[in-house]
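Working notes, beginning with the structure itself.
In what follows, chains carry the letters A, B, and so on, assigned in the order in which the sequence lines appear, proteins first and then strands, with residues in each chain numbered from 1.
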2 protein chains.
Amino acid sequence: MKTRAADLPKLLESVEDQFVELWNNMGTLWGISPTMARIHGLLYISGSALSMDDIMARLAISRGNVSMNLSKLVEWGLVRRVHKKADRKEYYESLADVWEMFTLVANQRKRREIDPILTTLRRCRDELTPEAIGGQAMKEPARTRFQRVDDLLKLLTLLDSLSQRFFESHKGLREAVEMLTSED
Amino acid sequence: MKTRAADLPKLLESVEDQFVELWNNMGTLWGISPTMARIHGLLYISGSALSMDDIMARLAISRGNVSMNLSKLVEWGLVRRVHKKADRKEYYESLADVWEMFTLVANQRKRREIDPILTTLRRCRDELTPEAIGGQAMKEPARTRFQRVDDLLKLLTLLDSLSQRFFESHKGLREAVEMLTSED
DNA sequence: ATATACTTTCAATTGTTCCTGAAAGGAATA
DNA sequence: TATTCCTTTCAGGAACAATTGAAAGTATAT
């Protein structure tokens, strides 16, 4: 059942709304605040540069809120400012490349959040080695603690190397595709 | 500088505290509530079955809170109840296998959160195809919208297949290790 | 220099999520 | 059955996060 031409704007609006909502959920998953995600969703799906007023009107949120969240998006590198000649307003535009967006966020979160965790974990392990506590290290209860920390550290270190390779360029994605298509 | 035997309990306690705090941060990253993460951290690092009272005392949180969060942990499958004979109390014990814990959480979150997103995304795409809106599909502004949704869907579908393979068994991990060690 | 057009900041408000403690619920023992 | 010991539930409160709107800030045009 085809949509008549007159209904197209309504349909597009509805699809955009669905997408913005979806992107909001996606954002929650990545630890991104709802409004930030919605704004980015709107910029991404619309594919054009929008002004603060456009966004305020479309998403029904206040000027201050839009301003703050746009700055954060620019900081993350997901959105960039665009100046139009003969217009004092600033416009904002999303990155278009999805993979680039993913790696951008993944790399920053890894650096800010995962790396410190790994550092702490290593310190925990080092405090439980024979070098640190002598013969006690081999006996309970220290032995179990050490074992658990070490197990975790091994896995996280591995995942870390993997993600490093996977996220650092388009190459990682290509390798993954090959792995997926070769066997199976 | 080795620790004297008398200081060992203090040291262990400190390491455990650091670990619990670390696991709390890790949990935030996975969208798991702080207390739930801390309880699980304690159970994991201690490597033994603890009672509600043990946990309340060690983490200084209320009985109700411990109870609720333990149920959720059991629900997730990260913790299991243990009955000790001649004791009415219930004890709780964490899974020991780190990889198993990861896959458990990853699979459940995928099912609950990612799959619905993919469904919505497909619906968005389908509403923008030529089948749905005719010739308009090839012209702006519908064309861009379709393109963007389709790009995203392609990548997410790929990541989905990848993670499926990666997380469904120990095999995924082994493959990844091979990939990492073979070339580079 | 002043006015205009637009953006940023931030204190106050609102909204959300988390935690507590006490009461109700269950299950084992006497 | 009554008692004891332990767990769960949940309404209210505390802590935290997000949002607004108006004042201050900045830049361009006149």
TODO: Just say parallel, tilted or perpendicular for the rings of A:Trp30 and A:Phe102, cut-offs at 30° and 60°.
DONE: perpendicular

- [ ] Evaluate the ring planes of B:Phe166 and B:Trp99, with Trp represented by its six-membered ring, and classify them as parallel (under 30°), tilted (30 to 60°) or perpendicular (over 60°).
- [x] perpendicular

- [ ] Using the six-membered ring of A:Tyr44, assess whether NZ or CZ of B:Arg148 lies under 6.0 Å from its centre and within 45 degrees of the ring axis.
- [x] yes

Roughly how many Å is it from [atom1] in [X] to [atom2] in [N], rounded to a whole number?
X	N	atom1	atom2	result
B:Met68	D:dC6	CE	C1'	17 Å
B:His83	D:dT7	NE2	P	10 Å
A:Leu70	C:dC6	CG	C1'	14 Å
A:Leu59	D:dT20	CG	C1'	16 Å
B:Asn65	D:dT8	CG	P	13 Å
B:Lys84	C:dA28	NZ	P	18 Å
A:Arg81	C:dT7	CZ	C1'	9 Å
A:Asn69	D:dA18	CG	C1'	9 Å

Task: A:Ser46 to B:Thr144 - nearest heavy-atom pair and separation - done: O-CG2, 4.2 Å

Open item on the list: Quick check against the 3.5 Å criterion: does A:Asn24 have a side-chain atom that pairs as donor or acceptor with the backbone of A:Val20?
Closed with: no

When you measure from the side chain of [X], which nucleotide among [options] comes out closest?
X	options	answer
A:Ser67	D:dT8, C:dT9, C:dC6	C:dT9
B:Pro34	C:dC6, C:dC18, D:dG21	C:dC18
A:Thr35	D:dG21, D:dA18, D:dT7	D:dA18

TODO: Using heavy atoms to find the nearest nucleotide of DNA chain C for A:Arg88 and A:Met52 separately, return the residue whose nucleotide is more 5′.
DONE: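 Here A:Arg88 is the residue nearer the 5' end.
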
TODO: For A:Tyr92 and for B:Ala60, locate the closest nucleotide of DNA chain C by heavy-atom distance; then report the residue assigned to the nucleotide nearer the 5' terminus.
DONE: A:Tyr92

TODO: Tell me what B:Ser33 touches on the nucleic acid: a base, only sugar-phosphate, or nothing, going by heavy atoms under 4.0 Å.
DONE: sugar-phosphate

